[in-house]
Every structure is written in C-alpha cells, then in structure tokens.
Protein chains: 2
Amino acid sequence: MRITSSIEYAARLMLTLAREHGKAPVSAESLSESDGIPSDYVSQILVKLRRAGIIQSRRGSSGGYSLSRPPAQITLGQVVRAVDRDVFEDVCGKYDAGAKDCRHQERCSLSPVWVRLGGVINDYLESVTLAALLQEKP
Amino acid sequence: MRITSSIEYAARLMLTLAREHGKAPVSAESLSESDGIPSDYVSQILVKLRRAGIIQSRRGSSGGYSLSRPPAQITLGQVVRAVDRDVFEDVCGKYDAGAKDCRHQERCSLSPVWVRLGGVINDYLESVTLAALLQEKP
DNA sequence: GCATTCTTGACTAAAAATGTCAGGAATGTT
DNA sequence: AACATTCCTGACATTTTTAGTCAAGAATGC
C-alpha cells in the first residue's frame with residue numbers, strides 16, 4: 001500500500017496544468033521538464049488522464065494539454081483513479097467472492113473491512129480538489 | 001494502492017488465532033490449512049507477526065503460535081504494519097525531501113497531502129480491533 | 001510542404017510480491 | 001538419550017507490477 005510514481009507524477013501534472021488553467025495548452029515536453037518526469041513516460045500518464053476525461057489535448061504546433069474542467073471541479077480521487085487501479089480492488093479482484101478468477105474462493109471473509117477502508121480512502125481523496133491544493137501551494 | 005496477499009493472509013491468521021485465544025497454540029501447518037495459505041509461505045508471515053510482537057511462538061511438539069495480547073488490544077493497523085511497509089512510505093521514501101535517496105529531490109511538493117492520506121488510513125486501521133472483527137465474524 | 005505535437009502499441013528493465021526449499025535449533029515425549 | 005515435532009533462518013525461484021524506452025503514425029498550424 002503505497003503512493004506509486006505514476007500517482008505522484010499524475011498529481012504533479014494536474015497541479016501544473018491547474019496553474020496554467022485558462023492560458024495556452026502546455027506541451028508534454030514542457031511538462032516533463034517542469035515536473036521532473038522522464039519525457040517518454042509523461043506521455044503515457046497524460047494519455048490516462050485524458051482517457052479519464054480530466055484533461056484535453058490538442059495536436060500540432062502550439063498544441064499541448066489543458067484541464068477539461070476548472071480546478072475546483074477536479075478531485076484528487078479522479079486523478080488517482082485515472083492512473084491507478086481502484087483501492088478496494090484487492091487480492092480478490094473486486095471482492096466478488098463468486099468470481100471465477102478470485103484467488104481465494106470463499107475465504108474473503110475480511111472483504112467488508114477492506115471495502116470500508118476503500119471508502120475511507122476514497123472519501124478523503126474526493127474531498128481534496130485541485131483548487132484547494134493550489135491555494136496551499138500556489 | 002491495494003490490499004496485497006500478505007496483508008489479507010496476515011489478517012486471516014490473526015483472526016484465526018483470536019478465535020483460539022486462551023486455548024493451546026496453533027501450529028503453522030494447521031493455520032496453513034484452515035486459512036488456505038501455502039504452508040511454506042505462512043511461516044514467513046508468522047515470523048513477521050512475531051517480530052512485530054503481536055503473536056508468540058513456542059517450539060517443539062504441541063508448540064505453535066498464539067496471540068501475545070487479548071484480541072481487544074490488537075488493531076488492524078498493527079497487523080498491516082507488521083507485514084507491509086508504511087502507507088505513507090511512498091515514492092520519496094518517507095517523504096523526507098532532504099534524504100539523499102529521495103528519488104525526486106525538491107519536487108515532493110505534494111507530501112502534505114499524502115501524509116494526511118496516510119493519517120486517514122492509519123486512523124481507520126487503528127480503530128478496528130481483532131475483538132471487533134470477531135464479533136462481526138465469529 | 002514541413003515542423004511540431006500528440007497517439008498508439010510494443011518492448012525492455014527493474015523492483016516487488018509471492019511462493020519454495022533446505023538445513024538447523026529448540027521443545028516435549030518416550 | 002533418542003526421537004518426532006515444530007519453529008527459525010536465509011537463500012532461492014517465479015510471477016506480477018511498475019517504471020521507463022522506443023518507433024512509426026496521425027493531426028494541426030504555419
């Protein structure tokens with residue numbers, strides 16, 4: 001249970017884009033430099049963020065990436081989920097004890113606890129918006 | 001960010017031992033069968049739980065493992081920490097931005113958020129005791 | 001037409017999780 | 001004392017995940 005590089009990177013990228021919200025799109029290359037992320041890796045993360053619908057892209061010269069909503073309407077939860085699997089998607093898949101790919105058959109006796117933990121984590125992540133983070137770190 | 005097998009296994013083991021609290025020690029072999037954990041793997045997890053001080057072991061015939069405290073005095077947090085690294089021990093090590101092994105130098109701008117998330121997770125895990133779990137799943 | 005920039009998917013490398021194994025040390029029983 | 005039982009330790013192998021790289025292609029603006 002830890003914060004992976006992808007999560008950290010995604011959060012940094014979103015924060016940078018939040019600062020540029022309303023201005024011109026930012027290129028992947030520029031984001032790579034300003035946020036200290038390998039340039040070939042940054043694209044992959046940006047793709048996930050775009051597919052999650054929280055950023056937009058524009059190709060061609062003077063193209064780049066920008067938020068698709070105001071910073072106040074994007075939560076950390078949305079960012080984390082864009083690049084990471086669900087928190088409560090655990091050893092038993094999605095705790096669907098009946099699922100045929102469940103590695104532990106009927107032994108998932110603890111599911112309710114993990115689901116509740118996932119809820120707690122999610123509630124916190126949803127309570128933090130990019131706008132709030134910006135206020136903290138302008 | 002997910003619940004690993006070790007965590008799930010550790011929780012199952014502790015719950016089983018909680019049920020046997022006050023009775024004779026339970027052997028690793030027996031635990032392996034009752035909790036559906038590979039027998040060579042179960043020992044490794046038990047070692048970690050013992051080193052964390054939440055279970056005791058006794059060697060020799062009729063030896064085995066038992067809780068070192070009543071179920072009401074053992075929390076899920078103690079169990080999870082015994083087998084897993086700290087939740088807030090993330091990409092930046094322990095978010096000690098000055099540390100020389102920090103992979104991201106001064107860019108750990110988000111640390112406060114992750115630390116707070118770690119706090120939220122920890123608070124929940126500390127609020128759940130083995131006794132409470134037993135009541136839920138006797 | 002051309003440089004710029006994103007898009008996609010395949011690929012490699014490193015790290016972590018998961019599981020296996022073997023030899024040794026303590027304990028209780030006979 | 002001999003023996004079976006059980007834990008202890010550390011090394012090893014396998015699989016999965018994460019992290020990062022690469023290359024060919026497609027859209028865009030000038």
Side-chain angles (χ1 to χ4, degrees), chain A residues 1-13 17 20 24-33 35-52 55-66 68 80 82-87 89-93 101 103-104, chain B residues 1-10 12-13 17 24-33 35-52 55-66 68 80 82-87 89-93 101 103-104:
Chain A
M1 271 209 308
R2 59 188 254 260
I3 303 297
T4 63
S5 282
S6 313
I7 295 180
E8 165 78 23
Y9 287 164
R12 279 189 216 168
L13 291 169
L17 290 177
E20 302 296 316
V26 188
S27 75
E29 189 51 35
S30 161
L31 288 168
S32 159
E33 285 169 20
D35 287 335
I37 307 172
S39 67
D40 284 305
Y41 197 31
V42 88
S43 308
Q44 295 202 9
I45 297 169
L46 288 165
V47 163
K48 289 184 184 175
L49 294 171
R50 180 175 55 75
R51 286 184 181 150
I55 66 175
Q56 293 175 324
S57 63
R58 224 178 63 193
R59 299 204 238 196
S61 57
S62 80
Y65 297 89
S66 54
S68 40
V80 171
V83 296
D84 207 66
R85 65 181 87 202
D86 272 347
V87 213
E89 176 180 342
D90 72 339
V91 278
C92 290
D101 61 341
R103 286 152 76 185
H104 302 283
Chain B
M1 272 212 304
R2 58 188 257 257
I3 303 298
T4 63
S5 283
S6 315
I7 295 180
E8 165 80 23
Y9 288 163
R12 280 188 215 169
L13 291 170
L17 290 178
V26 188
S27 75
E29 189 51 34
S30 162
L31 287 168
S32 158
E33 285 169 18
D35 287 335
I37 307 173
S39 67
D40 284 305
Y41 198 32
V42 88
S43 308
Q44 296 202 8
I45 297 169
L46 288 166
V47 163
K48 290 183 182 176
L49 293 172
R50 180 176 54 77
R51 287 186 180 150
I55 66 175
Q56 292 175 325
S57 62
R58 224 179 62 194
R59 298 203 238 195
S61 57
S62 80
Y65 297 88
S66 54
S68 39
V80 171
V83 296
D84 207 67
R85 66 180 87 201
D86 271 349
V87 214
E89 176 179 342
D90 72 338
V91 279
C92 290
D101 60 341
R103 286 152 74 187
H104 302 282

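In what follows, every chain begins at residue 1, and chains take the letters A, B, ... in the order their sequences are listed. Values in this document were obtained by computation on a predicted structure and should not be read as measured data.
- Counting only distance, with no hydrogens or angles, the side chain of A:Ser57 and the backbone of A:Gly64 share no donor-acceptor pair below 3.5 Å.
- The side chain of B:Thr4 approaches C:dT18 more closely than any other nucleotide in the set C:dT18, D:dT6, C:dG19.
- Of the candidates D:dC8, D:dT6, D:dG29, D:dT6 carries the atom nearest the B:Ser27 side chain, counting heavy atoms from C-beta on.
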Might you list the N or O atoms of the protein lying below 3.5 Å from N or O atoms in nucleotides 2-5 of chain D, with each pair's distance?
{"residue": "D:dT5", "atom": "O2", "partner": "B:Ser61", "partner atom": "N", "Å": "3.4"}

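- Each of B:Leu13, B:Val47, B:Ile7 was checked for a side chain to side chain contact (heavy atoms under 4.5 Å, CB included) with B:Val83, and the lone residue meeting it is B:Ile7.
- Scored by the side-chain contact (heavy atoms from CB on, under 4.5 Å) test, A:Ser66 finds A:Gln56 as partners (sequence neighbours excluded).
- As a whole-Å value, the separation of A:Tyr65 OH from D:dA27 P is 15 Å.
- Residue B:Ile55 holds its CD1 atom at 6.5 Å from OH of B:Tyr65, rounded to the nearest 0.5 Å.
- Contact annotation: B:Tyr9 side-chain N/O to C:dA17 OP1/OP2 distance is not under 4.0 Å.
- Remark: B:Ser6 is in phosphate contact with C:dT18, judged by side-chain N or O atoms under 4.0 Å from OP1 or OP2.
- Between A:Asp40 atom CG and D:dG20 atom C1' the separation is 8 Å, expressed in whole Å.
- Atom OG of B:Ser43 sits about 9.5 Å away from atom CG of B:Leu31, to the nearest 0.5 Å.
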Response to the item:
Going 5' to 3' through nucleotides 9-16 of chain D and flagging B where a protein heavy-atom sits under 4.0 Å of the base, S where only the sugar-phosphate is that close, and - otherwise, we get S-B-----
